[in-house]
Amino acid sequence: MTADLFRLDGRTALVTGSSRGLGLTIARGLGRAGASLVLNGRDEARLQAAVAGLAAEGFDVRGAAFDVTDTEAVDRAITRLEQDGLKVHILVNNAGIQRRGPLEALTDDAWRAVLETNLTGAFRVARRIAPAMLAAGRGKIINICSLMSEVARPTTGNYAAAKGGLKMLTRAMAVEWAGRGVQVNAIGPGYFATEMTRPLVEDEAFDAWVRRRTPAARWGDPEDLVGPAVFLASAASDFVNGQMLYVDGGVLAAL
């Protein structure tokens with residue numbers, strides 16, 4: 001049946017930055033499609049609360065606390081999963097931060113923090129996970145990019161640089177790994193209403209601007225990302241390589 005193409009039974013998905021927000025919603029969606037889940041975050045207490053919440057909903061889930069900017073921590077966490085007999089079949093690189101500021105005043109620390117987390121962190125985790133996928137001849141990697149992989153706004157230059165780089169890293173991974181059975185693609189969310197963006201949603205002027213700028217005339221709901229994530233994680237996308245799927249309500253289609 002066609003629906004079976006989208007099932008993830010027997011697969012394990014690691015979603016970085018998934019103790020809350022978009023990452024947690026994506027993880028829950030992959031779980032609904034049948035995947036076992038590994039949640040990740042830096043805050044152990046928040047991570048365990050997220051794990052407990054999904055377990056209470058009936059999902060097969062565990063946590064792996066590590067910081068994607070720490071190479072040794074990434075290696076230790078993945079090694080621990082492997083020692084427990086767990087293979088990661090689906091990797092979603094979702095961990096990300098913002099440090100806003102005008103470029104002429106942006107500090108080195110603010111620049112490095114965003115690049116290290118949003119771009120290098122995705123490379124670091126994929127580099128550790130990919131060898132097992134390549135050896136098996138099968139795997140899915142989904143990098144969570146952004147509208148700002150294509151466009152920029154004032155005070156978000158470091159974020160745009162990181163997400164633009166992640167778009168190109170997605171393509172580079174696909175070029176190297178597609179012939180060995182690993183599909184690498186990206187999702188570019190538009191303006192989404194989350195805990196992190198609540199101040200913007202509650203800003204009447206900015207909220208009105210987003211609704212005018214977005215042809216769908218609304219903010220994205222985190223659930224809007226579930227279908228694209230399941231598609232890119234499933235057998236339905238086995239010949240899709242190096243693509244960026246923008247989930248933006250039409251923002252990039254409109255002048």
Side-chain angles (χ1 to χ4, degrees), residues 15-26 40-43 46-47 65-74 92-127 143-173 186-214 218-220 222 225 244 246-255:
V15 184
T16 67
S18 53
S19 60
R20 61 178 177 174
L22 297 182
L24 182 57
T25 299
I26 290 170
N40 159 259
R42 293 181 296 180
D43 185 317
R46 180 182 292 154
L47 176 63
F66 61 87
D67 185 338
V68 300
T69 70
D70 184 335
T71 298
E72 292 184 358
V74 170
V92 182
N93 281 312
N94 171 75
I97 62 171
Q98 283 207 34
R99 296 287 186 271
R100 293 178 181 272
L103 285 171
E104 71 273 15
L106 201 66
T107 66
D108 284 358
D109 285 346
W111 176 267
R112 291 193 189 102
V114 171
L115 269 291
E116 271 291 307
T117 302
N118 297 28
L119 176 57
T120 308
F123 161 72
R124 190 175 282 118
V125 180
R127 178 181 61 184
N143 295 323
I144 303 301
C145 292
S146 168
L147 278 181
M148 292 185 191
S149 297
E150 296 290 343
V151 297
R153 284 182 54 80
T155 75
T156 61
N158 50 358
Y159 188 80
K163 291 299 189 178
L166 188 55
K167 177 185 73 173
M168 292 309 301
L169 179 61
T170 299
R171 292 176 177 173
M173 289 175 175
I187 295 173
Y191 290 99
F192 273 72
T194 67
E195 181 180 339
M196 287 181 63
T197 62
R198 183 177 299 140
L200 297 176
V201 175
E202 294 175 350
D203 181 321
E204 291 185 5
F206 194 84
D207 174 61
W209 180 84
V210 167
R211 293 175 185 277
R212 287 195 308 270
R213 182 68 180 82
T214 305
R218 67 174 177 87
W219 291 75
L225 295 176
M244 171 74 83
Y246 286 104
V247 185
D248 67 352
V251 170
L252 288 177
L255 290 174

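- Sorted by first and then second residue, the side chain to side chain donor-acceptor pair (under 3.5 Å) pairs with a member in residues 110-125 read Thr71-Arg124, Glu116-Arg124; sequence neighbours excluded.
- For Asp248 against Thr214, the heavy-atom pair with the smallest separation is O-CG2, 3.6 Å.
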Acceptor/donor pairs from residues 96-107 side chains to any protein atom, 3.5 angstrom cut, sequence neighbours excluded:
from: Gln98; atom 1: OE1; to: Arg100; atom 2: NH2; distance (Å): 3.4
from: Thr107; atom 1: OG1; to: Ala110; atom 2: N; distance (Å): 3.0

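- Contact detail for Leu166 and Ala122: the closest heavy-atom pair is CD1-CB, 3.6 Å.
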Enumerate, atom names and distances included, each donor-acceptor pair closer than 3.5 Å involving a side-chain atom of residues 190-199, sequence neighbours excluded.
from: Thr194; atom 1: OG1; to: Met196; atom 2: N; distance (Å): 3.2
from: Thr194; atom 1: OG1; to: Thr197; atom 2: N; distance (Å): 3.3
from: Thr194; atom 1: OG1; to: Thr197; atom 2: OG1; distance (Å): 3.3
from: Glu195; atom 1: OE2; to: Arg20; atom 2: NH1; distance (Å): 3.2
from: Thr197; atom 1: OG1; to: Phe192; atom 2: O; distance (Å): 2.7
from: Thr197; atom 1: OG1; to: Thr194; atom 2: N; distance (Å): 2.8
from: Thr197; atom 1: OG1; to: Thr194; atom 2: O; distance (Å): 3.3

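- What you find for Asn93 and Ala126 is that their closest heavy atoms are ND2-CB, 4.1 Å.
- Remark: Ala172 pairs with no residue by the side-chain contact (heavy atoms from CB on, under 4.5 Å) rule, at least two apart or across chains.
- The minimum heavy-atom distance linking Val74 with Val68 is given by the pair CG2-CA, 4.0 Å.
- You'll find the side chain of Ile144 reaches within 4.5 Å of the side chain of Ile26, heavy atoms only.
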### Query
Should Thr25 and Leu225 be marked as a side-chain contact (heavy atoms from CB on, under 4.5 Å) after you check the CA-CA gap, both sets of side-chain angles, and the distance that decides it?
CA-CA 8 Å; Thr25 299; Leu225 295 176; over 6 Å; no

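- Distance CG/Asp207 to CZ/Arg218: 13.0 Å, rounded to 0.5 Å.
- In this view, Ala254 and Arg213, Pro215 satisfy the side-chain contact (heavy atoms from CB on, under 4.5 Å) rule, not counting sequence neighbours.
- Taking both residues in full, the closest heavy atoms of Ala186 and Cys145 are given as CB-SG, 3.8 Å, listed atom of the first, atom of the second, then distance.
- Within the 3.5 Å criterion, the main-chain N or O of Gly17 finds a donor-acceptor partner in the side chain of Asn40.
- Pairs passing the side chain to side chain donor-acceptor pair (under 3.5 Å) check and including a residue from residues 144-167, sequence neighbours excluded, read Glu150-Lys167, Glu150-Tyr246.
- Atom CH2 in Trp209 sits 10.5 Å away from atom CG in Leu200 (nearest 0.5 Å).
- For Pro189 against Ile187, the heavy-atom pair with the smallest separation is CD-O, 3.3 Å.
- Between the side chain of Asp67 and the backbone N or O of Thr69 there is at least one donor-acceptor pair closer than 3.5 Å.
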